[in-house]
2 protein chains.
Amino acid sequence: MSPRHSAAEAARTRERIVGAAVSEASRVGLEGLTVGSLAQRLGMSKAGLVGPFGSRERLLMAALDQACEVFRAAVTGPLDGLPPGPERLERLIDGWVGYLADCPFPGGCFVTAATSELDGRPGPLRDRLREIVASHRRALAAEVAAAQEALPGPHRPAEEVATALTGLSMAANQEIQLLGDPSAAGRARAAMRHAAGLPA
Amino acid sequence: MSPRHSAAEAARTRERIVGAAVSEASRVGLEGLTVGSLAQRLGMSKAGLVGPFGSRERLLMAALDQACEVFRAAVTGPLDGLPPGPERLERLIDGWVGYLADCPFPGGCFVTAATSELDGRPGPLRDRLREIVASHRRALAAEVAAAQEALPGPHRPAEEVATALTGLSMAANQEIQLLGDPSAAGRARAAMRHAAGLPA
DNA sequence: CCTACCGATCGGTAGG
DNA sequence: CCTACCGATCGGTAGG
């Protein structure tokens with residue numbers, strides 16, 4: 001507890017910590033994030049940093065959830081109110097590529113990085129991430145299926161297109177973050193539109 | 001130095017260490033690999049483990065190179081002697097998917113994991129990985145271009161197809177390692193063949 | 001290739 | 001939200 005401050009201040013502190021944790025973890029990974037270095041970066045003690053969460057692992061969980069919120073705000077949120085169909089899928093693709101090209105996380109797509117970091121480490125973090133990714137995949141396949149209904153056939157299976165779109169986002173992230181390839185975003189956008197069956 | 005043993009024995013010890021390091025790092029990541037736990041797993045002292053390499057970082061570098069060798073032996077090696085063209089690309093895809101489905105690394109594709117782990121961590125490991133990935137990408141695009149010459153058009157740009165194939169391998173790896181989806185390999189194979197313009 | 005050690009840092013807790 | 005600690009572990013080295 002922090003009896004010297006109001007509940008609103010406590011919430012702000014919590015947000016500040018989570019934001020810094022997300023930023024740091026996008027660079028060094030969730031497992032690479034240490035309580036000591038994050039505390040130093042924020043000018044607080046380790047106890048003060050971990051206190052609001054109970055443990056480092058629960059801080060990491062909060063960071064993972066916050067990163068998903070950032071992804072949704074950047075990619076999925078702007079689609080709210082748009083009916084399912086080709087135009088919505090087209091906007092989703094544009095938003096997704098824009099998110100990768102001008103990424104809110106300094107180290108590149110947080111979810112992609114967390115996926116490959118945690119897939120071999122059983123525990124609550126991995127379980128949570130698995131739910132997140134599976135849910136995102138279901139929604140993506142549904143978007144594809146809805147768009148296909150209004151597009152000329154023949155179509156690839158919607159699940160296959162969802163896999164292709166996910167993969168293209170991962171490849172683009174790699175080309176941007178590791179290779180520094182300036183043509184990556186444009187190429188990914190073209191490939192995603194093609195994979196989705198959208199007109200050129 | 002290890003004056004009690006022959007050079008051949010020293011080389012065998014070195015190989016044993018690198019093999020264990022690759023296996024361990026495929027689960028916990030290169031940065032997650034600690035000298036102490038690896039030494040304990042092999043029943044050696046920390047000094048004995050690191051000695052042949054000079055430092056932990058050089059042991060990690062040896063593990064990275066060894067992992068690439070494993071990938072090549074599984075995926076690229078079997079193509080030796082086959083002329084560039086559709087059949088060679090088809091075999092490459094089949095070998096790649098087979099490698100992902102029945103992976104020689106317990107934690108899934110080592111290169112994919114290392115890429116996303118190291119892309120935000122400047123240093124010799126990242127530099128080496130960047131070379132490896134860029135070289136692999138160039139070779140892949142060349143395979144695609146050679147196959148397209150013998151296939152009916154029109155074709156997507158070879159670079160775009162190379163990105164799509166790379167992405168599909170990453171998505172399949174995620175579906176297999178994180179989601180445990182038994183249909184991932186078959187779907188990836190179909191999507192890769194389609195992206196490459198190969199006949200169904 | 002070992003033991004025995006180095007200083008630094010890890011996540012966490014007691015107590016205020 | 002702090003200081004002051006806890007035992008454990010980190011990578012590395014000296015010396016054999």
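Letters go in sequence order (proteins before strands), and every chain restarts at 1. Heavy-atom basis, side chains included; hydrogens, waters and symmetry copies ignored.
Within a 6.0 Å radius of CZ in A:Arg41, other residues, nucleotides and ligands contribute more than 12 heavy atoms.
The phosphate of D:dC10 has OP1 or OP2 within less than 4.0 Å of a side-chain N or O from B:Thr34. For D:dT9, the OP1/OP2 oxygens have no side-chain nitrogen or oxygen of B:Ser37 closer than 4.0 Å.
The distance from atom CG of B:Leu38 to atom P of C:dC1 is 13 Å, rounded to the nearest whole Å. Taking atom CZ of A:Arg12 as the reference point, atom C1' of D:dC1 lies 15 Å away to the nearest angstrom. B:Leu42 places its CG atom 15 Å from the C1' atom of C:dC2, with the value rounded to the nearest Å. Protein atom CE of A:Met44 is 11 Å distant from nucleotide atom P of D:dT3, rounded to whole Å. In this entry the distance linking CD of A:Glu31 with C1' of C:dG11 reads 13 Å, nearest Å. Atoms CD (B:Gln40) and C1' (D:dA8) sit 13 Å apart, rounded to a whole Å. The interatomic distance linking A:Phe53 (CZ) with D:dC1 (P) rounds to 10 Å, in whole Å. Regarding A:Leu60, its CG atom lies at a distance of 11 Å from the C1' atom of C:dG11, rounded to whole Å.
A:Gly51 comes within 4.0 angstrom of nothing in the nucleic acid, heavy atoms only. Contact annotation for A:Leu59: no contact, since no heavy-atom pair falls under 4.0 Å across all strands.
In this structure, A:Arg128 and A:Leu64 approach most closely via the heavy-atom pair CG-CD2, 4.1 Å. The minimum heavy-atom distance between B:Leu140 and B:Ala162, with the atom names listed, is CD2-O, 3.6 Å. The two atoms that bring A:Val161 and A:Ala195 nearest to each other are CG1-O, 3.5 Å, heavy atoms only. The two residues B:Glu24 and B:Ser37 make their nearest non-hydrogen contact at OE2-OG, 4.3 Å.
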Could you walk me through whether A:Met44 and A:Leu38 pass the side-chain contact (heavy atoms from CB on, under 4.5 Å) test, one step at a time? CA-CA 9 Å; A:Met44 340 174 28; A:Leu38 194 62; over 6 Å; no
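Listed by first residue number, the stems of DNA chain C with at least three Watson-Crick or G-U pairs below 3.5 Å are C:1-16 with D:1-16.
Ring to ring, A:Tyr99 and A:Phe71 are close: their centroids are under 6.0 angstrom apart.
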Quick test: give all pairs of protein nitrogen or oxygen and nucleotides 12-15 of chain C nitrogen or oxygen below 3.5 Å, distance rounded to 0.1 Å.
{"from": "C:dG12", "atom 1": "OP2", "to": "A:Arg56", "atom 2": "N", "distance (Å)": "2.8"}
{"from": "C:dG12", "atom 1": "O6", "to": "A:Lys46", "atom 2": "NZ", "distance (Å)": "3.3"}

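A salt bridge does not link A:Asp119 with A:Arg126: every distance from a Lys NZ or Arg NE/NH1/NH2 to an Asp or Glu carboxylate oxygen is 4.0 Å or more. A salt bridge links B:Glu87 and B:Arg91; the closest N-O separation between the charged side-chain nitrogens and carboxylate oxygens is under 4.0 Å.
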